[in-house]
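To start, the structure under review is shown below, and the notes come after it.
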Amino acid sequence: MNQPIPTTKTTEARDSLIDAAVAETVEVGYGAVSVEGIIRRADSSRALFDAHFADKQAALEAAYECRFEQYLSRVLRACEAQSEWPLKVKVGIGVTLDMAAASPVDAQFLVVETMAVSDEFLQQVLDSRDRLGRLLIGGRTETPQGAELPGITEAVMVAGIAGVIAAQLRAGETKHLPAVAPQLVELTLTPYLGREQAAEVARRPRPSLDSQ
């Protein structure tokens, strides 16, 4: 059976439903989200919802994938512009905090409390964090102490950064997130570089991203 070719109208309808799914989840919590709530927030219809998603779970998983891929794409572009691994980490953390401060609803959705979601959604969250962890693995070959680090180092670092962002969001300190960047950069780089060099990288001005 041939799949229908997406049009601008159908793409906009899907994007609107995804936006609504994100906002609804953040406002009412994962457990209380309903298809009706998503439709009402999107000013859409059940027919349009059913044309794009099998159920609420499918809509939320699609929304998470959409937001995470948008975030990851921007981080990768920023990192690729840097030639040194420590600077890739620095700009990656900086971009992450900037995006969280600029779009707190999206950030809160991406750092969703994993105990409140389904097993499938939980696995999606864990897989995304694993992908972020793999961005740090370069430090194992490019830094003096990297090869000796425990295997869970990168997972712990990613979870820690996510936890800091979640705590700041809950405390209503969203606008202050970018100011936390030097501390997170130092903390993340210390196992790989040692405290002194990690602190030196953290103190440097962040490389310009004007070309991004």
Side-chain angles (χ1 to χ4, degrees), residues 22-23 25-33 60-61 63-76 78-79 85-86 88-140 143 145-146 149-195 198-199 201-203 206:
V22 171
T25 302
V26 170
E27 181 172 321
V28 306
Y30 176 84
V33 174
L60 295 180
E61 289 177 3
Y64 188 89
E65 180 181 14
C66 175
R67 289 298 189 266
F68 180 76
E69 293 300 334
Q70 289 172 347
Y71 156 69
L72 184 61
S73 176
R74 184 167 173 184
V75 168
L76 289 175
C79 291
W85 180 80
K88 292 179 185 290
V89 174
K90 184 179 180 71
V91 300
I93 290 174
V95 166
T96 297
L97 297 178
D98 286 351
M99 292 181 69
S103 304
V105 172
D106 289 343
Q108 195 167 336
F109 183 74
L110 287 176
V111 295
V112 63
E113 295 294 338
T114 56
M115 293 304 292
V117 302
S118 69
D119 289 343
E120 293 81 4
F121 202 161
L122 172 57
Q123 189 58 54
Q124 190 176 12
V125 172
L126 295 177
D127 287 346
S128 68
R129 292 188 179 181
D130 184 58
R131 291 173 66 186
L132 292 174
R134 290 199 293 272
L135 298 180
L136 294 174
I137 287 180
R140 291 181 176 271
T143 61
Q145 300 168 188
L149 294 175
I152 64 170
T153 299
E154 288 76 21
V156 170
M157 292 299 178
V158 171
I161 292 171
V164 168
I165 293 173
Q168 293 285 93
L169 291 170
R170 284 195 296 268
E173 298 293 328
T174 305
K175 65 180 181 180
H176 299 305
L177 273 170
V180 182
Q183 298 175 64
L184 287 180
V185 170
E186 182 177 349
L187 180 65
T188 303
L189 291 178
T190 293
Y192 301 90
L193 302 177
R195 184 176 181 181
V201 174
R203 287 193 298 267
R206 200 170 88 191

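Residue numbers start at 1 and run along the sequence shown. Just so it is clear, the structure is predicted and the values come from calculations on it, not from any experiment.
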field: Partner residues of Arg131 under the side chain to side chain donor-acceptor pair (under 3.5 Å) criterion, sequence neighbours left out
entry: Glu69
Side-chain atoms of residues 174-186: list all donor-acceptor pairs with protein atoms under 3.5 Å, sequence neighbours left out, distances to 0.1 Å.
residue : atom : partner : partner atom : Å
His176  : NE2  : Glu173  : OE1          : 3.3

Partners passing side chain to side chain donor-acceptor pair (under 3.5 Å) against Thr96 (at least two apart in sequence or in another chain): Tyr71
message: Under the rule for side chain to side chain donor-acceptor pair (under 3.5 Å), what residues qualify as partners of Glu65, not counting sequence neighbours?
response: none
By side-chain contact (heavy atoms from CB on, under 4.5 Å) - contacts of Val156 (at least two apart): Ile152
- prompt: In Å and rounded to the nearest 0.5 Å, what is the OG1 to CD distance from Thr153 to Gln145?
  reply: 11.0 Å
statement: Sequence neighbours excluded, the answer for side-chain contact (heavy atoms from CB on, under 4.5 Å) partners of Ile137 is Arg134, Arg140, Glu154
field: With Tyr64 via ring-ring contact (aromatic ring centres under 6.0 Å, His included) - residues at least two apart
entry: Phe121
- request: Nearest 0.5 Å please: distance from the CE atom of Met157 over to the CG atom of Leu187.
  value: 5.5 Å
message: Closer than 3.5 angstrom, by distance alone: can the side chain of Arg67 be matched with the main-chain N or O of Phe109 as a donor-acceptor pair?
response: no
- request: I would like to know whether Arg74 and Asp98 meet salt bridge (Lys or Arg N to Asp or Glu O under 4.0 Å); could you show each step before the answer?
  value: CA-CA 11 Å; Arg74 184 167 173 184; Asp98 286 351; 5.7 Å; no
message: Quick test of your reading: applying ring-ring contact (aromatic ring centres under 6.0 Å, His included), list the pairs with at least one residue in residues 151-174, sequence neighbours left out, ordered by first then second residue.
response: none
query: Donor-acceptor pair, Ser73 side chain versus Gln70 backbone, under 3.5 Å?
result: no
message: Applying side chain to side chain donor-acceptor pair (under 3.5 Å), can you list everything that pairs with Asp119, at least two apart in sequence or on another chain?
response: none
- request: Apply side-chain contact (heavy atoms from CB on, under 4.5 Å) to Glu120 and list each qualifying residue two or more places apart in sequence or on a separate chain.
  value: Gln57, Glu61, Ser118
